[in-house]
Amino acid sequence: MEKEHLSVKSAIQFKNLGVEMGGVSILENINADVPEGECTAIIGPNGAGKTTLLLALLGEIKYRGDIRIYSHDSKSGVRIGYVPQRFAFDRGIPLTVIEFLSMGVQKKPFWLGIDRSMQETASQLLYSVKAEHLLRRRLGALSGGEMQRVLLALAIQRDPEILVLDEPDAGVDMKGGQVFCHLLEHLRIEKGFTQLMVSHDLGMVAYHASHVICLNRKLIAEGAPKDIFNKGILLDMFGPHIGELSFRPIKDGCTECDEENGGGVANA
């Protein structure tokens with residue numbers, strides 16, 4: 001992975017990226033850009049390699065080709081925050097949210113108390129994701145949406161230049177997913193980070209994303225939602241099982257389509 005300290009329009013570039021696992025090709029010859037400061041969504045069917053692309057970016061798996069990350073910080077390099085799709089932990093552990101956010105930061109044991117500065121930092125982080133009321137809550141008692149906000153607070157703790165999210169709308173209801181995406185948009189504009197996320201919710205992507213990367217082991221297409229959400233590209237990506245859709249142009253960040261069963265962009 002190359003890190004380049006340049007002022008460019010691309011925050012990330014994938015160059016001829018390929019990934020194999022157990023002799024099976026997962027991704028082949030991916031060439032795609034992630035525009036700086038924007039919200040880029042990665043979409044595709046199950047098994048298309050979406051999460052694999054994120055793991056390659058995070059350096060968690062081996063890959064062929066290059067991933068170029070452009071940073072404005074010539075000293076410490078690029079800062080990346082990550083919100084996983086699922087966070088597995090023992091819900092019986094008596095760990096509070098403030099203790100969770102302090103892990104890896106506070107040096108002294110928790111039973112000696114949380115430093116005042118860490119309490120203030122944790123409170124501010126939770127306030128920024130509209131979850132300050134969770135500060136003393138036990139981690140195992142959180143709902144899916146509440147846990148999502150705590151993980152987001154943890155991800156922005158280091159003021160990332162790039163925020164990577166694997167299906168931020170998973171595990172929450174439609175309204176909760178919409179609220180979370182509006183929150184992400186507010187934070188991205190306020191803090192100026194580049195957002196890269198995987199999503200199955202095409203309606204949410206059409207509304208919130210400014211750039212879309214379409215995968216099905218290979219790059220199917222990339223571009224603005226208004227150029228991506230058409231019947232030809234979606235059939236190439238998802239196959240005929242997506243159903244017969246009659247798309248109208250996207251207007252003001254919202255896609256409209258007619259389905260046999262009653263309208264709206266289907267989840268995929």
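- In this structure, CG on Leu163 lies 10.0 Å from CD1 on Ile80, to the nearest 0.5 angstrom.
- Taken to the nearest 0.5 Å, the NZ atom of Lys15 stands 12.5 Å off from the CD1 atom of Ile67.
- For Glu167 and Lys50, the salt-bridge test fails: no basic side-chain N is under 4.0 Å from an acidic carboxylate O.
- One finds the CG atom of Leu53 at 7.0 Å from the CD1 atom of Ile30 (value rounded to the nearest 0.5 Å).
- Atom-to-atom distance recorded for Met204:CE and Leu184:CG is 8.5 Å, nearest 0.5 angstrom.
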Using the side-chain contact (heavy atoms from CB on, under 4.5 Å) rule, take Leu57 and Leu196 through it: C-alpha gap first, then chi angles, then the decisive distance, then the call.
CA-CA 11 Å; Leu57 170 65; Leu196 177 63; 3.7 Å; yes
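- Arg116 pairs by the side-chain contact (heavy atoms from CB on, under 4.5 Å) definition with Glu120, not counting sequence neighbours.
- A continuous path of Ile, Leu, Val, Met, Phe, Trp and Tyr side chains, each step under 4.5 Å between heavy atoms, connects Phe14 with Met21, placing both in one hydrophobic cluster.
- The minimum heavy-atom distance between Gly81 and Pro160, with the atom names listed, is N-CB, 3.4 Å.
- With contacts defined as side-chain heavy-atom distances shorter than 4.5 Å, the pair Ile12/Thr40 does not qualify.
- In terms of heavy atoms, Arg91 sits closest to Gly140 at NH1-O, 2.9 Å.
- Residue pairs meeting the side-chain hydrogen bond (donor to acceptor under 3.5 Å, both in side chains) criterion with at least one partner in residues 210-222, sequence neighbours excluded, are Glu38-Ser210, His211-Glu222.
- Between Leu54 and Leu165, the shortest heavy-atom contact is CD1-O, 3.8 Å.
- Thr96 has its side chain out of reach of Leu139: every pair of non-hydrogen atoms, C-beta onward, lies at least 4.5 Å apart.
- Tyr127 meets the side-chain contact (heavy atoms from CB on, under 4.5 Å) test with Gln124, Glu132; sequence neighbours excluded.
- Follow the hydrophobic side-chain contacts under 4.5 Å out from Phe87 and you reach Ile98 in the same cluster.
- Listed here is the closest heavy atom pair of Val129 and Leu183: O-CD2, 3.5 Å.
- Between Ile162 and Val164 the shortest side-chain heavy-atom distance falls below 4.5 Å.
- There is a path of hydrophobic side-chain contacts, each under 4.5 Å, that joins Ile61 to Leu58.
- No continuous path of ILVMFWY side-chain contacts below 4.5 Å connects Leu142 to Val179, so the two sit in separate hydrophobic clusters.
- Closest approach of Gly37 and Thr194 over heavy atoms only: N-OG1, 2.7 Å.
- No side-chain heavy atom of Leu219 sits less than 4.5 Å from a side-chain heavy atom of Cys214.
- Using modelled atom types and a 3.5 Å distance limit, the side chains of Asp66 and Asn16 yield no donor-acceptor pair.
- Under the salt bridge (charged side-chain N to carboxylate O under 4.0 Å, His left out) criterion, Glu20 pairs with Arg64, sequence neighbours left out.
- Counting only residues at least two apart or on different chains, no salt bridge (Lys or Arg N to Asp or Glu O under 4.0 Å) pair has a member in residues 184-199.
- Inter-residue side-chain proximity for Asp159 and Phe193 is flagged as unmet; no heavy-atom pair is nearer than 4.5 Å.
- Atom CG of Leu126 and atom CZ of Arg137 lie 11.0 Å apart (nearest 0.5 Å).
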Start with the C-alpha gap between Leu187 and Leu152, add the side-chain angles, then the distance that decides, and say whether side-chain contact (heavy atoms from CB on, under 4.5 Å) holds.
CA-CA 10 Å; Leu187 287 171; Leu152 177 58; 3.8 Å; yes
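- The heavy-atom pair separating Ile43 from Ser199 by the smallest distance is CG2-O, 3.6 Å.
- The shortest distance between side-chain heavy atoms of Phe180 and Lys130 does not fall below 4.5 Å.
- Side-chain contact annotation: Glu99 with Ser102, donor-acceptor N/O pair under 3.5 Å absent.
- Only one option out of Lys9, Gln13, Glu161 pairs with Tyr70 in a side chain to side chain donor-acceptor pair (under 3.5 Å); it is Gln13.
- Cluster annotation: Ile156 is connected to Val83 through the hydrophobic network of ILVMFWY side chains, with a link wherever side-chain heavy atoms come within less than 4.5 Å.
- Of the listed residues (Leu17, Leu27, Leu55), just one forms a side-chain contact (heavy atoms from CB on, under 4.5 Å) with Tyr63, and that residue is Leu17.
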Under the side-chain contact (heavy atoms from CB on, under 4.5 Å) criterion, do Phe89 and Leu95 qualify, and how do the steps go?
CA-CA 11 Å; Phe89 66 101; Leu95 187 71; over 6 Å; no
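- Residues passing the side-chain contact (heavy atoms from CB on, under 4.5 Å) test with Leu154, sequence neighbours excluded: Phe100, Leu101, Gln157.
- The SG atom of Cys39 lies 8.5 Å from the NE2 atom of His208; values are rounded to the nearest 0.5 Å.
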